[in-house]
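Below is one structure, written out as structure tokens; comments come after it.
Here is how names work: the chains are called A, B, and so on, in the same order as the sequence lines, proteins then strands, and each is numbered from 1.
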There are 2 protein chains.
Amino acid sequence: MTRIDDVARLAGVSTATVSRALRGLPTVSAATRRRVLAAAEQLQYAVSPNASRLAGGRTGTIAVVVPRITRWFFGVVVEAVEDFVHQAGYDLLLHNLGGREQNRQRLLRAANLNKRVDAVMLVATPLRPADLSTLAALGLPGVTVSSGTNVPGWPCIRIDDLAAARTATRHLLDLGHRRIAHISGDPDDELAFTAHLHRRRGYQEAIRAAGLRPDPSLDVESTFDIAGGTRATEELLRRGDAPTAIFAACDEMAMGALTALRDAGLRVPQDVSLIGVDDHALSGVLGLSTIAQPATEQGRLAAKLLLDPLEGAAGASTLTDPGSPVILPTRLVVRDSTAPPRAN
Amino acid sequence: MTRIDDVARLAGVSTATVSRALRGLPTVSAATRRRVLAAAEQLQYAVSPNASRLAGGRTGTIAVVVPRITRWFFGVVVEAVEDFVHQAGYDLLLHNLGGREQNRQRLLRAANLNKRVDAVMLVATPLRPADLSTLAALGLPGVTVSSGTNVPGWPCIRIDDLAAARTATRHLLDLGHRRIAHISGDPDDELAFTAHLHRRRGYQEAIRAAGLRPDPSLDVESTFDIAGGTRATEELLRRGDAPTAIFAACDEMAMGALTALRDAGLRVPQDVSLIGVDDHALSGVLGLSTIAQPATEQGRLAAKLLLDPLEGAAGASTLTDPGSPVILPTRLVVRDSTAPPRAN
DNA sequence: CTGAAAGCGCTTACAG
DNA sequence: CTGAAAGCGCTTACAG
């Protein structure tokens with residue numbers, strides 16, 4: 001392995017000058033810089049990140065925490081963040097909680113973030129009060145994406161889950177539905193993010209705004225994924241007196257609902273209308289109506305808010321007030337899964 | 001930030017002893033270890049990874065390279081790898097090529113892997129001869145998953161793409177189909193992985209084994225994703241004389257095909273049968289017949305083959321001969337998208 | 001614009 | 001089983 005002093009020797013300068021030239025600091029003459037770059041090139045020199053980080057006090061790395069990388073939203077967010085982060089010359093440490101409480105605890109143990117990253121991005125990651133203290137003690141900058149827990153001092157990027165749910169529910173109401181069910185995540189799950197809590201409230205608000213009363217038997221909780229959508233819908237049908245429409249808290253749950261409805265011999269939308277939230281890559285294929293949310297933009301913006309301050313970008317801190325979340329717009333996309341209820 | 005000498009002072013031992021005790025080395029008396037652990041706990045001490053890595057010469061980090069984290073197979077593989085890697089106490093550096101040749105080049109530039117990781121996992125990542133030299137020069141251990149390019153000395157985990165394609169095609173043949181189309185990835189794409197090349201060959205072999213001749217007009221190339229499946233199918237239909245069955249090189253392409261077929265007014269499987277490869281999480285929802293491949297197992301096994309040697313696990317090197325790939329089994333899953341052609 | 005020297009916080013022979 | 005000391009490969013004031 002060639003080291004910095006090999007380069008220094010070849011270029012006929014000190015290691016300090018090599019360090020400055022390679023990092024593009026302005027205090028190096030053009031001629032010297034040329035010689036250093038040539039020497040480094042000739043020796044195929046690569047700086048040792050660990051030495052550099054130890055001496056410089058920066059890690060050049062950011063941590064990204066997601067509940068499950070295999071779910072549509074989180075995959076898209078990570079892809080956007082990865083791109084931005086690597087463009088900026090940082091490394092990306094991935095943490096996938098995978099629904100295991102133990103993973104979240106391991107992550108938050110001092111040793112796993114501390115001294116290891118310059119900043120943290122928490123995507124839809126819920127935190128207990130104790131976790132917040134741990135994070136605060138680390139003193140790291142960070143950003144949160146999607147709901148989860150707000151961290152004081154960190155900016156937050158998300159959509160308006162309440163409004164999204166109201167829009168979805170109102171779309172069903174406008175079509176003439178009155179028996180509208182809701183399937184959503186489990187509020188008791190420690191690791192559950194909180195988006196679905198707001199979506200449930202939005203659903204209930206829209207129902208009430210239409211002069212109806214939310215019917216608890218039409219509100220089923222399960223896991224926030226495909227299988228959960230299937231189970232919730234099966235439970236819904238088991239309760240008898242099927243709804244004429246279902247608002248699923250996310251597209252993946254809606255997809256799971258499709259299976260359950262099909263197995264029950266119910267057609268979408270003729271027998272039951274169905275709408276989700278996300279605009280998953282496959283929602284178009286399935287003809288699923290949904291509330292589209294901009295996943296790539298949320299990831300990209302979050303990465304920018306995270307890195308700009310580290311880079312000391314001009315106006316970085318004025319881009320957003322850490323106190324108030326940045327809300328990105330959603331959009332109703334009507335496809336083939338929603339229609340007026342059958343005249344009976 | 002508390003440092004190792006703070007702990008040493010509190011415990012009344014040297015920093016060397018603290019280092020040994022904390023890492024669980026056997027050469028520390030039980031009493032001393034207890035005192036050190038207590039002191040570390042009391043001070044909330046976390047080792048500095050950079051200092052440790054610089055002094056110790058290990059990075060405690062592995063790099064994982066995938067074409068696109070948002071695609072089903074890669075997301076599942078990364079999830080499995082992440083779990084294994086973190087359990088083993090390593091960090092995971094994620095690289096998502098995102099279809100950009102520039103990203104691949106950036107990754108392979110000496111500075112981006114060199115001195116930064118202890119080992120590399122390449123998932124379906126193709127390499128040019130020059131890239132192979134670069135990797136060889138780094139002298140890093142590694143493993144490849146799914147096709148891509150074989151790296152001398154690295155184990156390789158994958159399925160038998162040829163056999164999978166033959167099975168899929170034969171399933172259609174067995175149902176009575178004779179005009180069987182194939183939609184697959186673009187062989188000219190620099191960044192394309194190579195799985196689809198084998199799948200095409202398997203398709204052609206099965207066609208020939210049935211005494212038929214592969215028809216080039218039934219073999220359409222596009223991108224290896226949902227949109228590519230749609231475009232390829234549209235092209236197929238544009239050529240006239242539609243096939244009675246389509247074998248898509250992956251489930252995501254098959255899903256894209258569904259859209260195109262529906263838009264053309266063709267029903268699956270009544271008008272056209274359709275089968276893919278993967279057993280994507282949504283294939284069940286869509287009733288898509290497919291050749292299931294074990295993505296989680298491939299990721300887990302690859303992680304194990306990567307880490308065991310680093311840990312000096314007993315028999316690590318005998319687990320597999322780096323020369324011959326480890327082939328995991330696939331399985332035909334028949335759902336509702338394949339049926340006999342219409343009697344005409 | 002450049003260099004000598006100290007220091008970043010650990011781990012590792014080496015000696016006992 | 002334990003410690004003193006050197007060393008890992010950089011960066012950063014400081015001085016010029």
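- Atom OG1 in T144(A) sits 10.5 Å away from atom CG in L306(A) (nearest 0.5 Å).
- Taking only side-chain atoms of S52(B), from C-beta outward, the nucleotide of dC10(D), dG3(C), dT11(C) with the closest atom is dT11(C).
- For the pair V66(B)/F73(B), no side-chain contact is recorded, criterion being any heavy-atom separation below 4.5 Å from C-beta on.
- Between N50(A) atom CG and dC8(C) atom C1' the separation is 12 Å, expressed in whole Å.
- A sub-4.0 Å separation between OP1 or OP2 of dT11(D) and a side-chain N or O of S19(A) is present.
- Taking only side-chain nitrogens and oxygens, S29(B) never comes nearer than 4.0 Å to OP1 or OP2 of dC1(D).
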Item to check | Verdict with supporting geometry, R104(B) and E101(B), salt bridge (Lys or Arg N to Asp or Glu O under 4.0 Å) | outcome: CA-CA 5 Å; R104(B) 212 196 44 164; E101(B) 171 59 17; 3.0 Å; yes

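- Of the residues near DNA chain C, P26(A) and A55(A), the one whose nearest nucleotide (by heavy atom distance) lies more toward the 5' end is P26(A).
- Taking a 4.0 Å limit (strictly below) on heavy-atom distances, residues 30-43 of chain B reaches DNA chain D at T32(B).
- Annotation: side chain of N103(A) is in contact with side chain of D83(B) (closest heavy-atom distance under 4.5 Å).
- Applying the 4.0 Å criterion to OP1 and OP2 of dG3(C), one finds that T17(A) has a side-chain N or O inside that range.
- Residue whose closest nucleotide on DNA chain D sits further toward the 5' end, between L25(A) and R20(B): R20(B).
- Atoms CZ (R58(B)) and C1' (dC8(D)) sit 15 Å apart, rounded to a whole Å.
- Note: CG (D6(A)) to P (dG9(D)) measures 10 Å, nearest angstrom.
- Pairing analysis of DNA chain C (Watson-Crick: purine N1 to pyrimidine N3 plus N6-O4 or O6-N4; G-U wobble: N1-O2 and O6-N3; both under 3.5 Å) yields stems of 3 or more pairs at C:1-3 with D:14-16, C:5-12 with D:5-12, C:14-16 with D:1-3.
- Between D5(A) atom CG and dA5(C) atom C1' there is a gap of 15 Å when expressed in whole angstrom units.
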Item to check | D118(A) and T61(A): CA distance, side-chain angles, deciding distance, side-chain contact (heavy atoms from CB on, under 4.5 Å) verdict | outcome: CA-CA 6 Å; D118(A) 293 334; T61(A) 303; 5.9 Å; no

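- You'll find that the side chain of V28(A) is closest to dT2(C), out of dT12(C), dC10(C), dT2(C).
- In this structure, the separation between CG on D5(B) and OG on S14(B) is 11.0 Å, given to the nearest 0.5 Å.
- Between the P atom of dC10(D) and the CZ atom of R53(B) lies a distance of 16 Å, rounded to the nearest Å.
- The structure places CG of N96(A) at 9.5 Å from NE2 of H86(B), a figure rounded to the nearest 0.5 Å.
- Nearest nucleotide to the side chain of S14(A), out of dA4(C), dT11(D), dT11(C): dA4(C).
- Atom pair L54(A):CG and dG9(D):C1' shows a separation of 9 Å (rounding to whole Å applied).
- Summarising the geometry, atom CG belonging to L135(A) is positioned 9.5 Å from atom OG1 belonging to T149(A); distances are rounded to the nearest 0.5 Å.
- Taking 4.0 angstrom as the limit, R3(A) places none of its side-chain polar atoms (N or O) nearer than this to OP1 or OP2 of dG7(D).
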Checklist entry - Yes or no on salt bridge (Lys or Arg N to Asp or Glu O under 4.0 Å) for R116(A) and D91(A), after CA distance, side-chain angles and deciding distance? => result CA-CA 11 Å; R116(A) 207 166 280 247; D91(A) 280 341; over 6 Å; no

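- Taking side-chain N and O atoms only, R23(B) has a distance below 4.0 Å to OP1 or OP2 of dT12(C).
- Atom-to-atom, CD1 of I4(A) to P of dG7(C) comes out at 19 Å; the value is rounded to the nearest Å.
- Side chains of S19(A) and R23(A): a donor on one and an acceptor on the other come within 3.5 Å.
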